[in-house]
Amino acid sequence: MTTTAVKRACDACHRRKVKCDGISPCRNCSASQLSCTYNAVPQKKGPKGSRAKVINELKETQRQTSLSAKLQGGINGVAASATLAPTPRLLTKETLKACIDFFFNHMYPAMPILERHRLEQDAMYMDQNLDTYCLLTSLCAFVCLQPGMTMPGPAGMQNDPFSPEMMFGGNIVTSTLLMEETIRVRKGYDYVASPSVNSLCTSYFLFAVHHGLEMHDKAWFHLREATTLAHMARMNEEQAYLQYDSNDSVDAARRRRLYWQLFVTERFVPESCFARSCSIGRKLTNLLAVHMPCSIAAR
DNA sequence: TTATTCGGAAATTAAAAACA
DNA sequence: GTTTTTAATTTCCGAATAAT
């Protein structure tokens, strides 16, 4: 009945949800004096992962949240802690993007434990996956503690649910908030049963954040937790990597680096070091530069 | 009145599962 | 291998709302 859909609508028509004629500049843009661009990168269509994945995830989160709502007697005493579900809009897309950028621009060489493409793919579904959500909140908590990291402020958009003040200590507040969010949401699902690489990274970031905040006992706890999870995932056995090497070399490489990261951190950032305040980022950079084989640190 | 916004139906696409 | 089923993404219709 109607005209056939154009294969690609321009950015403005897409936003406005109006029919685009697909030429440049399109009629709508010309009419409203907008510059007609086609910059948006189309998402991959079609199912991702196993078919039942989403439905099972939804079931699981529903089960967990109803369960935790019952179990939770109110840890902080405030209404906000009635559930272990993620706090809506705590972690904005802008903040997340800024943190991911900062991580890969400044921290990645010292911690090559994330793979950018995978991370960005995963990030799109963080609302559906608690494991991913925790990884991202802990990553942001860690990144926003770093010297030189400025959080995206209210200048651009006005949606700033936890408005990070651009002054001293502002990032510490944000970091603490995100760290607590990670820990809280983590209680809502069983990340120990079959530890994923992401939950390992989450523990590692929790370690790093606590360390940065001078909470050394808890830092140590999370580092040990990460190590324990790594052993549970048999990351100390070379044989365990063989299956990944053939199927998913990116994942295998990540596992190897992560294991080394843990190994080096645990060995060279012992309790004695906790007594002194030092920038974990700088320290690890130095340590890893010396102790990590190039083949592993490379990329 | 016309212009704009946006919920959501329909179409499109691609991966997973089923089949031969 | 090919076909079917299913899920994710896209376009854009048309009702609701805002502007004039």
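Each chain gets a letter, A, B and so on, in the order its sequence line appears, and its residues count up from 1.
- Taken together through direct or relayed side-chain contacts under 4.5 Å among Ile, Leu, Val, Met, Phe, Trp and Tyr, A:F221 and A:M179 form parts of separate hydrophobic clusters.
- The number of heavy-atom neighbours closer than 6.0 Å to CZ of A:R15, taken from other residues, nucleotides and ligands shown, is 12 or below.
- Taking every side-chain heavy atom of A:K45 into account, C:dA8 is the closest of B:dA15, C:dC12, C:dA8.
- Listed for the A:E266 side chain is no donor-acceptor partner under 3.5 Å among the backbone atoms of A:W220.
- Residue A:H14 places at least one side-chain N or O closer than 4.0 Å to OP1 or OP2 of C:dT11.
- A:N198 places no side-chain N or O within 3.5 Å of a backbone atom of A:L135 that could act as its donor or acceptor partner.
- A:D11 places a side-chain N or O within 3.5 Å of a backbone atom of A:N39 that can act as its donor or acceptor partner.
- In DNA chain C, runs of at least 3 consecutive Watson-Crick or G-U pairs, each pair with both distances below 3.5 Å, span B:1-19 with C:1-19.
- With sequence neighbours excluded, no residue satisfies ring-ring contact (aromatic ring centres under 6.0 Å, His included) with A:Y38.
- Between A:H216 and A:H210, the gap from one ring centroid to the other reaches at least 6.0 Å.
- The interatomic distance linking A:K7 (NZ) with B:dT12 (P) rounds to 12 Å, in whole Å.
- An OP1 or OP2 oxygen of C:dC12 is reached within less than 4.0 angstrom by a side-chain nitrogen or oxygen of A:K19.
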Dump every N/O contact between nucleotides 5-9 of chain B and the protein below 3.5 Å, one line per pair.
from  : atom 1 : to    : atom 2 : distance (Å)
B:dC6 : N4     : A:R16 : O      : 2.8
B:dC6 : N4     : A:K17 : O      : 3.1
B:dG7 : N7     : A:K17 : NZ     : 2.7
B:dG8 : O6     : A:K17 : NZ     : 3.2

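- No contact: A:C13 has no heavy atom under 4.0 Å from any strand.
- If you take CG of A:D11 and P of C:dT9, they are 18 Å apart, rounded to a whole angstrom.
- The separation between A:Q43 atom CD and C:dT10 atom C1' is 11 Å, rounded to whole Å.
- Side-chain atoms of A:R186 come within 3.5 Å of backbone N or O of A:S199 as a donor-acceptor pair.
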